[in-house]
Each structure stands twice: as C-alpha cells, then as structure tokens.
Amino acid sequence: MLILDTALARREAEDRPIRVGMIGAGFMGRGLANQIINSVPGMRLVAIANRTGANAERAFTEAGVEAVRVENADQVDAAIEKGTPAVLEDAFELIKAVHLDCVVDVTGAVEFGARVTVAAIERGLPVVTMNAELDGTVGPLLAHRARAAGVVLTGCDGDQPGVQANLMRFVKGLGVTPLVAGNIKGLQDEYRTPTTQKAFAEKWGQDPYMVTSFADGTKISFEQAIVANAFGLTVPKRGMNGWDHEGHVDELTTRYDVDELREKGGIVDYVVKSKPSPGVFVLGTHDDPKQRHYLNLYKLGEGPLYSFYTPYHLCHFEVPNSVVRAVDFADPALSPPAGPHVDVVATAKQDLKAGHTLDGLGGYDTYGVAESTPVTRSERLLPMGVAEGCVLTRDVAKDEVLTYADVTLPPGRLVDQLREEQEKLFG
C-alpha cells in the first residue's frame with residue numbers, strides 16, 4: 001500500500017485532494033469521517049448525505065469541523081468550491097454534484113444502497129461500498145454494470161472481505177494456489193436477536209440490528225459470499241464448516257482434505273474462537289517442490305497446505321486506501337469479475353406463521369447462511385438480501401430455509417429487478 005501514501009502526498013502537495021462524498025452517517029460512517037478529516041492528507045470529505053441530517057452533522061462535528069446544510073447538488077458544489085463541508089438529506093442530489101471524485105456507501109441498506117449505487121454508476125462516479133449486504137445480493141450484476149460504464153465499483157479495504165482479498169493476492173503472488181479463504185469469529189449463535197444484543201450495542205454506540213447480524217452469522221455469510229464471488233470459490237456445504245477451533249489457524253492445515261479442496265476449486269469458510277482473533281486466513285498449496293523446500297525453511301511447514309493470515313481487520317481505518325485505489329489507479333480492492341458462485345439465503349430464526357411480514361437483517365425472524373449459487377438456483381432459495389418486507393404464504397418452521405415460493409415480494413423494489421437481471425445475465 002506504500003504507493004497509495006505517495007499518491008496522496010503528491011495530491012496534498014499539489015492542492016488537488018480526492019473529494020469524497022459519503023452516504024450514511026452511522027457508527028462506521030462517523031469513524032470513516034474522522035479518519036479522512038484528521039488522518040488522510042490528500043483527501044477531503046466534502047459532503048455527507050444522510051436521511052437524518054443531524055446525524056451527518058454529528059459526523060463532522062465529532063471530527064472537529066463545522067458543516068453547512070444544503071439541499072441540492074448546486075449547493076453542494078458551491079460549498080465544495082468554498083472549502084466548506086456540506087450536509088444534506090438527499091443522497092441522489094449528492095451524487096449529482098460535479099465536484100466529487102468518489103462516493104462511499106456506508107448505509108448497510110440493500111434497497112436504498114442499490115438505488116444510490118445504480119445512480120452513481122450512471123453518473124460515472126467511482127463507488128467504494130461498505131455495504132456487504134448489497135454486494136452479497138446483487139454485487140456481480142452491479143460490478144458488470146460498472147465495468148460496462150467504465151466505472152470502478154469496489155468493496156473496501158479494512159473489513160474482512162477486503163483483508164482476505166489483499167491476502168489472496170499476496171499469496172497468489174508467491175506462486176501459492178489458495179484453496180481456503182477463511183474468516184475468524186469470536187461468537188456464532190444463529191438465534192441472537194436485537195434484544196439479546198441490546199446491551200453490547202449500547203456499550204459501543206452501535207445499531208442492535210447490525211450487531212445482531214454479526215452474532216447470528218448473517219454478516220459473515222455475506223462477507224464470505226463476497227470473497228467467493230471475487231475469486232471463484234464455493235462453500236464446503238450449506239452454511240460453511242464454521243468449526244469451533246480454539247487453537248491457532250496454522251493448525252487448520254491438517255484439518256482439510258486437500259484433494260477435496262482442489263476438486264471444489266477452493267472454498268470460503270470460517271472458524272470460531274481461533275487465534276489470531278479477529279483476523280482472516282488463507283490456506284494454499286505450492287506445486288513446485290523446490291519452493292516447498294524454501295517454505296519449509298521459512299517455518300511454514302512441509303505442506304501440502306500452507307497457512308497465511310492477517311491478525312486484524314481495521315474496517316474504516318483502511319477505507320481511504322480503497323478510495324485512492326479506485327480514483328488514482330482504477331484498482332478495485334474487491335470486485336466479482338463474473339457471475340455469482342455463492343449466495344446468502346434466508347433461514348427462519350423461529351417458527352413463523354403464514355401472513356407474517358419478515359423483518360430486516362439482524363432481526364427476530366431470519367438469519368442468513370451461505371449456499372452455492374447452483375443450489376440456490378435449483379431450489380429457488382430466497383436471498384437474505386431480499387427477505388425484508390416479504391409476506392409469508394405458508395407456515396415456516398425454525399431453521400427452515402425459505403424459498404421464493406414461500407413469500408410474496410413487496411412491489412416495485414429495485415433489488416428484485418436487479419436480482420432477476422443478474423439471474424438472466426449469469427444463470
């Protein structure tokens with residue numbers, strides 16, 4: 001990443017910073033705002049759009065700057081020209097602004113995120129998305145649209161998928177063939193709810209629904225689906241292995257059957273309670289016996305699987321790296337090159353009755369599990385990213401995976417249109 005700080009230093013010296021617009025001002029958005037404003041010379045956070053303007057103002061205030069309220073794109077541009085940060089409630093007006101170099105989606109909302117991403121692509125604006133839920137639902141289609149428009153749409157450095165992607169590229173650069181891209185969790189309990197996670201959320205100033213999606217496995221399913229789609233991997237089974245493993249991830253080199261991994265073309269997976277936590281790992285093989293001798297000398301063992309890991313993920317701290325990569329180098333940190341390989345499907349968290357309207361991600365009704373796209377297609381499984389707002393047409397038992405036949409979709413949603421388009425394009 002050293003080339004990135006050189007690029008930013010040059011921009012700062014030439015007084016032509018990358019001008020970033022941010023959509024969303026929640027817990028992660030506030031952290032990103034503070035990072036750009038106080039720690040990233042050569043980049044400026046010029047505007048934040050959030051449906052509650054006060055929250056956008058809070059993000060700037062906590063970072064030590066005062067922003068001006070605006071209502072439309074012309075006023076955004078006028079504020080940027082004056083060097084004054086702007087706050088507005090209409091994300092689509094922000095996207096229309098001329099003096100923007102990149103937009104960052106920090107919403108975590110699937111339908112709204114889909115609409116702003118499509119609008120940004122049509123505007124020709126690079127997009128860095130922290131919206132794993134959207135990416136894991138229609139990311140391959142959106143990436144296809146972005147490429148066709150000559151626009152960079154990328155996942156972000158810092159969060160687990162981006163850290164895995166960088167590690168995968170590093171490992172491939174060594175001549176190692178990655179066969180497992182793994183994520184390390186501290187907790188996995190599919191039946192957690194916003195009620196059980198309320199105290200934790202309040203302690204850290206987070207949304208209890210988002211915290212629940214971490215605990216119930218939905219978030220890690222989306223994260224690993226994104227990695228699978230970017231690198232052509234699959235899952236070992238529905239839901240992945242998710243082993244409890246209290247030792248170091250290096251010990252996992254003896255737990256997998258290498259021939260099975262090769263047959264599948266590589267998998268995504270996760271473990272619980274492993275060290276280092278939280279972090280990510282990649283397990284791979286090397287076909288050259290001469291290089292295997294060197295790897296053994298360098299304390300990576302005799303193989304056939306070798307372990308590589310990153311012992312942390314720093315989320316918003318690294319997102320500015322993704323912005324520079326997108327704007328100055330057209331290098332996506334994470335992007336699916338073709339169709340999906342893994343989906344996230346909705347599974348009942350409790351017994352549900354016909355006529356019930358499903359709540360949102362990290363709620364009381366459903367949790368997401370990773371499933372291979374061929375199975376998702378053949379069984380018409382309901383993607384987790386479209387489940388919110390669906391009305392059940394029959395009773396569903398706890399832990400039953402939902403299908404399209406089990407629900408009535410809300411009318412007029414863009415995400416359903418995109419999902420249908422994605423299936424027609426890649427199916």
Side-chain angles (χ1 to χ4, degrees), residues 11 15-26 28-30 32-37 40 42-63 65-131 134 142 145-154 156 319-320 322-324 326-328 330 412-415 417-418:
R11 281 184 167 274
D15 193 26
R16 53 179 191 91
I18 297 175
R19 300 161 297 183
V20 179
M22 188 171 75
I23 301 174
M28 199 60 63
R30 295 195 305 274
L32 176 58
N34 189 71
Q35 180 68 11
I36 294 175
I37 291 168
V40 188
M43 186 178 296
R44 302 288 186 273
L45 181 62
V46 296
I48 300 175
N50 194 71
R51 61 186 178 183
T52 304
N55 289 343
E57 288 179 329
R58 175 187 175 187
F60 276 120
T61 301
E62 288 183 353
V65 299
E66 294 298 321
V68 61
R69 284 275 193 130
V70 300
E71 295 183 356
N72 56 50
D74 289 341
Q75 292 174 355
V76 171
D77 281 323
I80 294 173
E81 289 175 350
K82 294 177 181 177
T84 304
V87 165
L88 70 166
E89 296 181 354
D90 190 334
F92 301 97
E93 285 297 317
L94 171 62
I95 290 168
K96 292 176 186 176
V98 173
H99 299 314
L100 281 184
D101 298 309
C102 184
V103 65
V104 183
D105 174 8
V106 201
T107 64
V110 175
E111 176 66 10
F112 181 68
R115 292 184 180 277
V116 297
T117 301
V118 168
I121 291 171
E122 291 175 349
R123 152 80 167 74
L125 196 60
V127 181
V128 174
T129 181
M130 300 186 75
N131 195 337
L134 174 65
L142 293 174
R145 284 193 176 192
R147 285 191 295 271
V151 174
V152 175
L153 169 63
T154 176
C156 63
V319 174
S322 308
V323 173
V324 187
V327 173
D328 280 356
R413 294 192 307 188
L414 177 61
V415 68
Q417 299 171 32
L418 295 175

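Computation of the quantities below employed the complete heavy-atom set of this structure, encompassing side-chain atoms and omitting hydrogens, waters and symmetry-equivalent molecules.
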Within this structure, what is the [atom1]-[atom2] distance for the pair [X] and [Y], rounded to the nearest 0.5 Å?
X      : Y      : atom1 : atom2 : answer
Ile121 : Arg147 : CD1   : CZ    : 10.0 Å
Leu142 : Leu134 : CG    : CG    : 5.5 Å
Asp77  : Gln75  : CG    : CD    : 10.5 Å
Asn55  : Glu89  : CG    : CD    : 10.0 Å

Please report the C-alpha distance between Gln35 and Val319 in whole Å, then the side-chain angles of each, then the deciding distance to 0.1 Å, and finally whether the side-chain contact (heavy atoms from CB on, under 4.5 Å) criterion is met. CA-CA 9 Å; Gln35 180 68 11; Val319 174; over 6 Å; no
Check side chain to side chain donor-acceptor pair (under 3.5 Å) between Asn50 and all other residues, then give those that pass, not counting sequence neighbours. none
If you take all heavy atoms of [X] and [Y], which pair is closest and at what distance?
X     : Y     : value
Val76 : Ala47 : CG1-CB, 4.3 Å
Pro85 : Val65 : CG-CG2, 4.5 Å
Val70 : Ala86 : CG2-CB, 4.0 Å
Val87 : Gly53 : CG1-O, 3.6 Å
Pro17 : Asp15 : CD-C, 3.4 Å
Ala63 : Ile37 : CB-CD1, 3.5 Å

Main-chain N/O of Asn131 paired to Thr129 side chain as donor or acceptor, under 3.5 Å: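 Here the side-chain-to-backbone pair exists.
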Output yes when a side-chain donor or acceptor of Arg11 lies under 3.5 Å from a complementary backbone atom of Arg16, and no otherwise.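 Side chain of Arg11 to backbone of Arg16: a pair is present.
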Quick one, Val20 with Val104, criterion side-chain contact (heavy atoms from CB on, under 4.5 Å). Give me CA distance, side-chain angles, the key distance, then yes/no. CA-CA 7 Å; Val20 179; Val104 183; 3.8 Å; yes
For the residue pair [X] and [Y], establish whether any side-chain heavy-atom pair is separated by less than 4.5 Å.
X      : Y     : value
Val106 : Ile23 : no
Val323 : Met43 : yes
Asp90  : Glu71 : no
Asp328 : Ile18 : yes
Met22  : Leu45 : yes

For Arg413, all residues meeting salt bridge (Lys or Arg N to Asp or Glu O under 4.0 Å), sequence neighbours excluded: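 For Arg413, the residues satisfying salt bridge (Lys or Arg N to Asp or Glu O under 4.0 Å) (neighbours in sequence not counted) are Asp416.
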Give every residue pair that meets the salt bridge (charged side-chain N to carboxylate O under 4.0 Å, His left out) criterion with at least one member in residues 47-57, sequence neighbours excluded. Glu57-Arg69
Going by atom type alone, with no hydrogens or angles, which donor-acceptor pairs under 3.5 Å involve a side-chain atom of residues 91-102 and a protein atom two or more places apart or on another chain?
from, atom 1, to, atom 2, distance (Å)
Glu93, OE1, Ala73, N, 2.9
Glu93, OE2, Lys96, NZ, 3.1
His99, NE2, Glu81, OE2, 2.9
Asp101, OD1, Arg19, NH2, 3.2
Asp101, OD2, Arg19, N, 2.8
Asp101, OD2, Arg19, NE, 3.0

Take Arg145 and Leu418, measure what side-chain contact (heavy atoms from CB on, under 4.5 Å) needs, and give me the verdict at the end. CA-CA 11 Å; Arg145 284 193 176 192; Leu418 295 175; 3.7 Å; yes
Test of understanding: with side-chain contact (heavy atoms from CB on, under 4.5 Å), list the residues that count as partners of Gln417, not counting sequence neighbours. Leu414
Could you list the residues that satisfy side-chain contact (heavy atoms from CB on, under 4.5 Å) with Val127, not counting sequence neighbours? Val103, Ala120, Leu153
